[in-house]
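Accompanying notes for the structure given below.
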Amino acid sequence: MGEAKEKKDTVEKEFLAFPDIASDTINALLYQGEAVTDAANLWTGATETIYQGREKLRSQYEDLCKYELADGRVNVMYLIANQSQTDGKMLLRKAGYTGGVYREQYEGKMQEIFPVIELVLYWGSPRWRGCRDSRQLFQKRKLSDKAWKYIDSFRLHVFEMRHLPGEVRHLFQSDMRIVADYLAEGDSYRSDRKIVHKAALLKMLGALSGEGKAEEAEAWLEGRGIREEDEITVCELFDQYVRQGREEGRYEGDARRLVLDIEKIMKNMHLSLEKACEVFEIPVGKYEEAKNTLGS
């Protein structure tokens, strides 16, 4: 896994790990916005299960696991997978994840048995082309009608987060609404919604757009004296964040032009760096600063 992809996966997991975002995502996508799950009743579970490989036991990891408790007992387990690319065999991965949990229940590693629901949040731009039903996955097999009667049917619950219709996006009550609307509307997105998880939201939007660095979000907020408990709207935060990005872009553009102009005159007129800087009436240090800004 590349470093950039690994950071993106980490950001997505951290964002969804907040109980209010996890419960809201489940309610909006699975239960048409009805408050079936409650953040107070969701507990984080282990994301690792064990399966038998060809020669030894192997581990498999889901992105997020949440237990829903009712009357002090596990009512249902939710497994949430983040997916950036379509995967034609994702159904088989689902069978491995859910099967691993049921296997642990069967072997008595858990005190009781409970159902497992897995949902896949697909963040890619191309539409999902992978199979969503096991019968579709095996449809090219030459099987008799009698055989089909005994083949279990299971579904992959995939939600294309960049293509959610407005009526679904409006069901979100948490910061996930901001993410879904931003992905749908892009730079034209405006909202007076108040942000709860400011650093996590900036990291998430930066990871999904490819325009921000996760490690810079908290430092940026701290530099502007914005705390997690402060009330701030989407427009207020975005205006500051985007404005700084534009300022940095202009600064980098000026630096690039300065470096190119000086290096061009050095090459064409066979001048030293010092002489070229004299032509532009700037100190050598300013050229070096511009060069460092470009990381070269």
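Atom-to-atom distance recorded for Thr25:OG1 and Phe15:CZ is 7.5 Å, nearest 0.5 angstrom. For the atom pair Leu69 CG and Lys66 NZ, the distance stands at 11.0 Å (nearest 0.5 Å). Summarising the geometry, atom NZ belonging to Lys89 is positioned 12.0 Å from atom CG belonging to Leu91; distances are rounded to the nearest 0.5 Å. Rounding to the nearest 0.5 Å gives a distance of 6.0 Å between CD1 of Ile80 and CG of Leu121. Distance OG/Ser144 to OH/Tyr150: 10.0 Å, rounded to 0.5 Å. To the nearest 0.5 angstrom, Leu137 atom CG is 10.0 Å from Leu156 atom CG.
Although no hydrogens or angles enter the test, the distance criterion places a donor-acceptor pair under 3.5 Å between the side chain of Tyr102 and the main chain of Val116. Between the Gln83 side chain and the Gln85 main chain, a donor and an acceptor come within less than 3.5 Å of each other. Of the possible donor and acceptor atoms, none in the side chain of Glu12 sits under 3.5 Å from a partner among the backbone N and O of Met204. With hydrogens and angles ignored, the 3.5 Å screen pairs no side-chain donor or acceptor of His157 with any backbone N or O of Leu30. Formation of a donor-acceptor pair under 3.5 Å by the Lys203 side chain with backbone atoms of Lys198 is not found in this model. Using a distance-only test at 3.5 Å, with no hydrogens or angles considered, a donor-acceptor pair links the side chain of Ser134 to the main chain of Phe154.
At least one side-chain heavy atom of Arg162 sits under 4.5 Å from a side-chain heavy atom of Leu208. Counting heavy atoms from C-beta on, the side chains of Ser84 and Lys8 come closer than 4.5 Å. Put simply, the side chain of Met77 reaches to within 4.5 Å of the side chain of Cys65, judged on heavy atoms. Side chains of Leu205 and Leu183 form no contact here, defined as non-hydrogen atoms less than 4.5 Å apart. Taking 4.5 Å as the limit, every side-chain heavy atom of Tyr67 sits out of range of all side-chain heavy atoms of Asn41. Two residues are said to be in side-chain contact when any heavy atoms from C-beta on lie closer than 4.5 Å; Asp87 and Val120 fail this criterion. A 4.5 Å side-chain heavy-atom check between Val76 and Phe114 finds every atom pair outside the cut-off. When side chains are defined from C-beta on, Leu119 does not count as touching Val158, because their heavy atoms never get closer than 4.5 Å.
In terms of heavy-atom proximity, Leu143 sits nearest to Ala147 at CB-CB, 4.3 Å. Minimum heavy-atom separation, Ile262 to Ala276: CG2-CB, 3.9 Å. When every heavy atom of Leu16 is checked against every heavy atom of Ala22, the shortest pair comes out as O-CB, 3.4 Å. Summarising the geometry of Arg190 relative to Glu185, their closest heavy-atom pair is N-OE1, 4.5 Å, with the distance given to 0.1 Å. Here the closest heavy-atom approach between residue Pro283 and residue Cys277 is recorded as O-SG, 4.3 Å. Scanning all heavy atoms of the two residues, the minimum distance from Lys13 to Asn82 falls at N-ND2, 4.1 Å.
Residue pairs that meet the salt bridge (charged side-chain N to carboxylate O under 4.0 Å, His left out) test with at least one member in residues 130-144, sequence neighbours left out, are Arg132-Glu160, Asp133-Arg155. Each side chain to side chain donor-acceptor pair (under 3.5 Å) pair with one or both residues in residues 277-287, not counting sequence neighbours, appears once here: Glu263-Tyr287.
Between the side chains of Glu68 and Asn75, at least one donor N or O sits under 3.5 Å from an acceptor N or O. A donor-acceptor pair shorter than 3.5 Å can be found between the side chains of Thr37 and Asn27.
At most 12 non-hydrogen atoms from other residues, nucleotides or ligands lie less than 6.0 angstrom from CG of Asp152. The number of heavy-atom neighbours closer than 6.0 Å to CD of Gln111, taken from other residues, nucleotides and ligands shown, is 12 or below. Shown here is Gln136, whose CD atom has more than 12 heavy atoms of other residues, nucleotides or ligands within 6.0 Å. The number of heavy-atom neighbours closer than 6.0 Å to CH2 of Trp148, taken from other residues, nucleotides and ligands shown, is above 12. Within a 6.0 Å sphere centred on CD of Glu231, other residues, nucleotides and ligands contribute 12 heavy atoms or fewer.
Between Arg227 and Asp230 there is a salt bridge, since a side-chain N of the basic residue sits under 4.0 Å from a carboxylate O of the acidic one.
No continuous path of hydrophobic side-chain contacts links Leu260 to Leu258 [ILVMFWY only; heavy atoms under 4.5 Å]. Under a hydrophobic-cluster definition in which Ile, Leu, Val, Met, Phe, Trp and Tyr are linked whenever side-chain heavy atoms come within less than 4.5 Å, directly or via other members, Tyr106 and Ile113 are assigned to different clusters. Both Leu273 and Ile282 belong to a common hydrophobic cluster when Ile, Leu, Val, Met, Phe, Trp and Tyr are linked at side-chain heavy-atom distances under 4.5 angstrom.
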Apply side chain to side chain contact (heavy atoms under 4.5 Å, CB included) to the pair Leu29 and Met161, showing each step before the final yes or no. CA-CA 10 Å; Leu29 297 180; Met161 301 303 290; 4.3 Å; yes

Mind running ring pair (Phe, Tyr, Trp, His ring centres under 6.0 Å) on Trp128 and Tyr122 for me, showing each step along the way? CA-CA 8 Å; Trp128 183 272; Tyr122 169 58; 5.2 Å; yes

For Lys275 and Val279, what are the C-alpha separation, side-chain angles and deciding distance, and is it a side chain to side chain contact (heavy atoms under 4.5 Å, CB included)? CA-CA 6 Å; Lys275 291 294 184 182; Val279 172; 5.8 Å; no

Step by step, would you call Leu271 with Ile265 a side chain to side chain contact (heavy atoms under 4.5 Å, CB included)? CA-CA 7 Å; Leu271 298 177; Ile265 198 172; 4.3 Å; yes

Between Leu202 and Leu221, does a side chain to side chain contact (heavy atoms under 4.5 Å, CB included) hold up when you go through it step by step? CA-CA 10 Å; Leu202 288 180; Leu221 289 169; 4.0 Å; yes

Using residues 170-181 as the side-chain source, report each donor-acceptor pair under 3.5 Å to any protein atom, sequence neighbours left out, with the distance given to one decimal.
unit_1 : atom_1 : unit_2 : atom_2 : d
His170 : ND1    : Gly166 : O      : 3.4
Gln173 : NE2    : Leu171 : O      : 3.3
Ser174 : OG     : Asp24  : OD2    : 2.6
Ser174 : OG     : Met176 : N      : 3.2
Asp175 : OD1    : Val196 : N      : 3.2
Asp175 : OD2    : Val196 : N      : 3.3
Asp175 : OD2    : His197 : N      : 2.7
Arg177 : NE     : Asp181 : OD2    : 2.7
Asp181 : OD1    : Arg169 : NH1    : 2.6

